[in-house]
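Input: a single structure, listed below in structure tokens.
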Amino acid sequence: MTSLAEYTLKRARRREATQWEPGDEAALRHARDALERDKREALDLAVKARWGALAIIAVLLPFINPTWEVVYYEALLLGFAAIGWAQRKFGQVGQSRAELTLIHCDLILMLLVCIAPNPFAAVDWPLAMQYRFDNFIYFFVLLAGATLAYSWRTVVAMGTWVALLWILGILAIAVFSEAPPAGDPALAAYADNPRMVAVLDPYSLRLEVRVQEIVVFCIVAVTLAIGARRASRLLLRQALLERERSNLARYFSPNVVEELSHNDEPLKQVRNQTVAVLFVDIVGFTAYAQTRSPEAVIGTLRGFHGLMEQEVFRHQGTLDKYLGDGLMATFGTPSTSGQDAVNALACARAMQAVLAGWNAERAAAGEETIRAGFGLHYGPVVLGDIGANRLEFAVIGNTVNIASRLEALTRPLGAAVIVSDDLIRAAAEQSASSLQGDLECRKSQSIRGLAEPMTIWVGR
């Protein structure tokens, strides 16, 4: 039996190849995780719906049959409730033998309810009368629950199994049913109306009605299976969308993710764009890491990266990449805002503030404080996806190199932050207030890799 996960993944790879990149195992895992979550939620919902339906039926039965024999059916309802609990406990994405066994237990128990005489019945009904009590409708309750928790193929299979079980029940009663007594006066009164005799005869199986029950049930099963199939495909597409949003959230601020989610492939447009670039790096981290355990090193990096990333997103920036003990962020990607230089400068200052607060906590805990260098520049870059099977949104150009060199220059100059004059001037154009603060202007500063000196602003 092909499960929901197996079917949707196979179909997705064959018919929706444009959504799955070759070898994209991460996407497959993400889809399977989403299907696993949905299966668990569906099982919970199906079992709760089952228990609710059983409770309603349990209350309804005494009104339909106000005799002691109803106790037998109430006990059988407890059996259905127990099967539902077991299905919830053993449910998983891939159909297991336990799940299939429990589905068969459901159907066999329902068949027993429909055709087996009630041992507590006060009246000795002919066996054929078991088919005349219209209990077959309760199979639809099981079928409805299956559409919530199982794959479309399982729903079709249930329709087939019910049809076969119903036919086997008819054959069993036809074999073991006693012969009707002769000379029934009620039937003799309608001797000239054979159809009326067939309706009234308690020994008649009424095969045309039984066939009609099977046909209608199979039609409903196929219809529900088509709906379940469409729902599974929609679920897979939703899982892909969630994955895309999750991937975007790793790099962009929430408001940018929201904007990108409403556009069609904006990142694949290769273009030139003027952006602000920010580099951050921990000063002396190599020496720091050599004297500490791997756990302490990774813990420090996670804490530092978490604080810096938070400020990038809070100031409408994009996390371009982590660089060991540092990171690169851009402001104005994937689209410009008119405040990119201002946001970059404000972000650098906010990073310094949260770093100071974190260092106060570390000092109070007896841990060594962390120093970081910040380099910022504003200028033209090239934007676009690079890579083949694994695509990466890239920001390339001399502006990136200059921002990195400015961050490296913080060591020899003993500075905490160095900002290019281009970014300061752009920020002044974007904001009416003065943004230099305590930054000190230094003209004609030589930058490694640049032929011409440039004006920079240095902060301690």
Side-chain angles (χ1 to χ4, degrees), residues 1-4 6-8 11 35 38-39 41-58 60-61 64 73 76-77 79-81 83-84 87-88 91 95 99-116 128 130-173 199 205-236:
M1 182 63 61
T2 302
S3 69
L4 172 64
E6 294 167 342
Y7 170 75
T8 51
R11 297 293 291 179
L35 293 169
D38 181 78
K39 176 65 177 289
E41 293 173 359
L43 278 173
D44 287 342
L45 179 61
V47 172
K48 290 176 182 177
R50 169 192 289 251
W51 289 342
L54 292 176
I56 294 173
I57 295 171
L60 180 65
L61 284 179
I64 297 176
Y73 297 111
L76 292 175
L77 292 179
F80 285 115
I83 293 174
Q87 289 173 337
R88 185 183 187 186
Q95 289 284 10
E99 268 190 330
L100 294 177
T101 300
L102 290 169
I103 292 174
H104 284 98
C105 288
D106 253 344
L107 301 182
I108 293 172
L109 183 58
M110 182 59 72
L111 183 66
L112 178 67
V113 173
C114 291
I115 70 172
Q130 296 299 125
Y131 273 91
R132 309 285 288 275
F133 293 145
D134 295 327
N135 289 328
F136 184 82
I137 59 176
Y138 292 108
F139 274 108
F140 288 95
V141 177
L142 298 181
L143 184 66
T147 61
L148 295 175
Y150 298 111
S151 72
W152 69 273
R153 291 179 180 240
T154 303
V155 175
V156 172
M158 282 191 66
T160 305
W161 296 333
V162 169
L164 292 176
L165 288 173
W166 204 235
I167 292 172
L168 290 175
I170 293 172
L171 294 176
I173 287 184
V199 171
L205 286 172
R206 299 205 62 193
L207 291 179
E208 72 280 5
V209 177
R210 308 287 79 84
V211 171
Q212 178 178 270
E213 290 170 340
I214 292 173
V215 171
V216 171
F217 188 86
C218 290
I219 291 173
V220 173
V222 171
T223 303
L224 291 176
I226 293 173
R229 182 182 181 185
R230 292 184 70 247
S232 68
R233 296 180 69 177
L234 290 173
L235 171 65
L236 184 60

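As the structure is a computational prediction, the values presented were derived from the model and not from experiment.
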Please give me the minimum heavy-atom distance between [X] and [Y], naming the atom from each residue.
{"X": "C218", "Y": "G159", "answer": "SG-O, 3.9 Å"}
{"X": "A81", "Y": "L54", "answer": "N-CD1, 3.5 Å"}
{"X": "F136", "Y": "E213", "answer": "CE2-O, 3.6 Å"}
{"X": "V155", "Y": "L143", "answer": "CG1-CD1, 3.8 Å"}
{"X": "L109", "Y": "G79", "answer": "CD2-C, 4.1 Å"}
{"X": "M158", "Y": "L142", "answer": "CE-O, 4.0 Å"}

What is the distance from atom [atom1] of [X] to atom [atom2] of [Y], rounded to the nearest 0.5 Å?
{"X": "M110", "Y": "Y138", "atom1": "CE", "atom2": "OH", "answer": "8.5 Å"}
{"X": "I64", "Y": "I57", "atom1": "CD1", "atom2": "CD1", "answer": "9.0 Å"}
{"X": "L207", "Y": "I214", "atom1": "CG", "atom2": "CD1", "answer": "9.5 Å"}

Salt bridge (Lys or Arg N to Asp or Glu O under 4.0 Å) partners of residues 162-171, not counting sequence neighbours, each pair once
none

I want to check something: taking the side chain as every heavy atom from C-beta on, are L164 and T160 in contact at a cut-off of under 4.5 Å?
yes

W166 and F139 aromatic ring geometry - parallel, tilted or perpendicular at 30°/60° bounds
perpendicular

Decide side chain to side chain contact (heavy atoms under 4.5 Å, CB included) for L168 and L111; before the verdict, give the C-alpha distance in whole Å, the side-chain angles of both, and the deciding distance to 0.1 Å.
CA-CA 10 Å; L168 290 175; L111 183 66; 5.7 Å; no

